[in-house]
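All values derive from a computational prediction rather than experimental measurement. Atoms considered below: every heavy atom in the structure, side chains included; atoms not considered: hydrogens, waters and symmetry mates. Sequence lines set the chain letters: A, B, ... in the order given, protein chains first and strands last, and positions in each chain run from 1.
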2 protein chains.
Amino acid sequence: MSVRINLAPKEGKYLTFLYRKQVEEEKRVTTTILAKSFRVNPATVTEIFQKLAKKKLVEYTRYYGAKLTERGIVEAERLIRKHRILEVFLVRFLRYDAAKACKEASIIDHYCSEELINAICQAYRHPKRCPCNKTIFSNPDCEGKSELESKSSNQTVGDLNG
Amino acid sequence: MSVRINLAPKEGKYLTFLYRKQVEEEKRVTTTILAKSFRVNPATVTEIFQKLAKKKLVEYTRYYGAKLTERGIVEAERLIRKHRILEVFLVRFLRYDAAKACKEASIIDHYCSEELINAICQAYRHPKRCPCNKTIFSNPDCEGKSELESKSSNQTVGDLNG
DNA sequence: TAAAAATTTTTGGTTAATCCTAAATTTTTT
DNA sequence: AAAAAATTTAGGATTAACCAAAAATTTTTA
């Protein structure tokens with residue numbers, strides 16, 4: 001349906017950081033802040049800004065900074081949703097505390113398929129808040145589905161794993 | 001404790017494939033088989049063999065092939081355990097069918113921390129078999145722990161996520 | 001067993017992701 | 001308007017994964 005957005009792992013991390021600062025905390029994010037937060041050279045941040053701009057996820061103005069576009073916001077929310085759904089799972093199912101859950105979720109969040117996240121979301125009946133009480137954005141593909149339908153594959157080619 | 005083994009994502013995939021063929025099916029794995037299975041150029045397989053050899057995970061003999069070392073076997077079993085524990089979770093908790101679970105597990109298995117896998121393992125009381133009835137190797141760090149202990153973090157630096 | 005066929009490796013690339021330093025540029029402070 | 005601070009550019013480095021074509025080796029087979 002929507003256009004494929006191909007985000008490298010770190011690009012996703014920078015994007016969601018941008019979202020948290022800009023949208024959730026309404027703060028302007030400087031290159032230096034990004035650089036310090038991720039412990040990288042400022043030049044690296046500039047480079048990432050340019051890449052995100054090329055993908056139309058931010059509007060980038062030299063020496064001013066990067067501002068998320070509508071597309072960027074949608075994409076960031078998609079990623080943050082994954083993170084927070086995982087946190088819910090880790091806390092409720094594995095009894096992690098919130099801080100630990102956050103760290104663990106960060107390791108895999110951007111690698112998890114939408115489908116897996118939706119399945120967990122359904123299992124917990126579409127939670128609205130993560131363990132630290134932040135909003136979990138809804139996903140139209142997920143809402144309105146019961147937790148009874150089983151997930152089955154198309155049974156295609158032989159797996160390499162198993 | 002043991003020496004850190006730094007495996008690139010694909011290296012892990014090739015290593016576990018090698019394990020399944022060599023140890024579980026007792027078949028010799030040729031460069032061509034690997035190349036066809038992963039749909040890559042044979043030259044790529046040779047390159048991977050050399051990398052795995054440099055990491056002492058296989059003994060590589062030109063024109064003959066690669067044979068897993070003891071270290072390689074241990075590492076492969078560690079990775080395959082992750083995969084299979086995830087499969088158990090996907091089938092039991094999210095009601096995936098076995099084939100689908102395998103695919104989904106393959107996406108994240110090598111990224112999951114040992115700790116996360118152990119937590120799931122404990123939650124299911126150290127299952128001995130995956131959904132397709134293959135052995136789940138045991139992990140001394142995991143066995144013997146109850147599922148009651150909660151996982152809490154050391155509360156260190158501020159998180160970028162949440 | 002020697003030539004042909006098949007397989008494997010080597011050589012010499014490519015692209016993408018992340019990151020860096022130093023110099024240049026722009027903005028902000030004083 | 002200097003000086004100081006922040007940011008960008010330019011030019012690199014490394015690592016992961018790939019590939020094609022040529023060379024080397026093994027296997028097949030006539």
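- Among C:dT10, D:dA10, C:dT26, the nucleotide with an atom closest to any side-chain atom of B:Thr46 is C:dT10.
- The side chain of A:Glu47 lies closest to C:dC19 when the candidates are D:dT8, C:dT7, C:dC19.
- Projected onto DNA chain C by closest heavy-atom contact, A:Ala8 and A:Arg28 fall at different nucleotides, the more 5' of which corresponds to A:Ala8.
- Classification of B:Lys128 and B:Glu143 as a salt-bridged pair holds, one side-chain N sitting under 4.0 Å from a carboxylate O.
- In this structure, of C:dT8, D:dC18, D:dT8, it is C:dT8 that holds the atom nearest to the side chain of B:Thr30.
- Aromatic ring centroids of A:Phe49 and A:Tyr64 lie 6.0 Å or more apart.
- Ring geometry, A:Phe38 versus A:Phe17: the interplanar angle exceeds 60°, so the pair is classed perpendicular (tilted spans 30 to 60°).
- For B:Ala43, the listed nucleotide lying nearest its side chain is D:dA20; candidates were D:dA20, C:dT7, D:dT8.
- Close to D:dT9, at under 4.0 Å from its OP1 or OP2, lies a side-chain N or O of A:Arg62.
- Rounded to whole angstrom, the span from the CG atom of A:Leu34 across to the P atom of D:dT8 amounts to 10 Å.
- Side-chain to base pairing of A:Tyr63 with C:dT25: one donor and one acceptor N or O lie within less than 3.5 Å of each other.
- Not one side-chain nitrogen or oxygen of A:Tyr14 sits closer than 4.0 Å to the OP1 or OP2 atom of C:dT18.
- At the heavy-atom level, A:Phe49 lies nowhere under 4.0 Å from the strands shown.
- Here D:dA6 presents its P atom at 11 Å from CD1 of A:Ile33, a figure rounded to the nearest Å.
- OP1 or OP2 of D:dA6 has not a single side-chain nitrogen or oxygen of A:Tyr64 nearer than 4.0 Å.
- Within the 4.5 Å cutoff, the side chain of B:Phe93 has no heavy atoms near those of the B:Val88 side chain.
- For A:Asn41, no side-chain nitrogen or oxygen approaches OP1 or OP2 of C:dC19 to under 4.0 Å.
- Minimum atom distance to the side chain of A:Lys10 is reached by C:dC19, of the listed C:dT9, D:dA17, C:dC19.
- Atoms CZ (A:Arg39) and C1' (C:dT18) sit 17 Å apart, rounded to a whole Å.
- Remark: B:Thr44 is not in phosphate contact with D:dC18, judged by side-chain N or O atoms under 4.0 Å from OP1 or OP2.
- Using a 4.0 Å cut-off, no side-chain N or O of B:Lys51 falls inside it from OP1 or OP2 of D:dT15.
- The pair A:Glu115-B:Lys100 counts as a salt bridge, with a side-chain nitrogen and a carboxylate oxygen less than 4.0 angstrom apart.
- Across the interface with DNA chain D, nearest-nucleotide mapping of A:Gln50 and B:Asn6 shows A:Gln50 to be the residue nearer the 5′ end.
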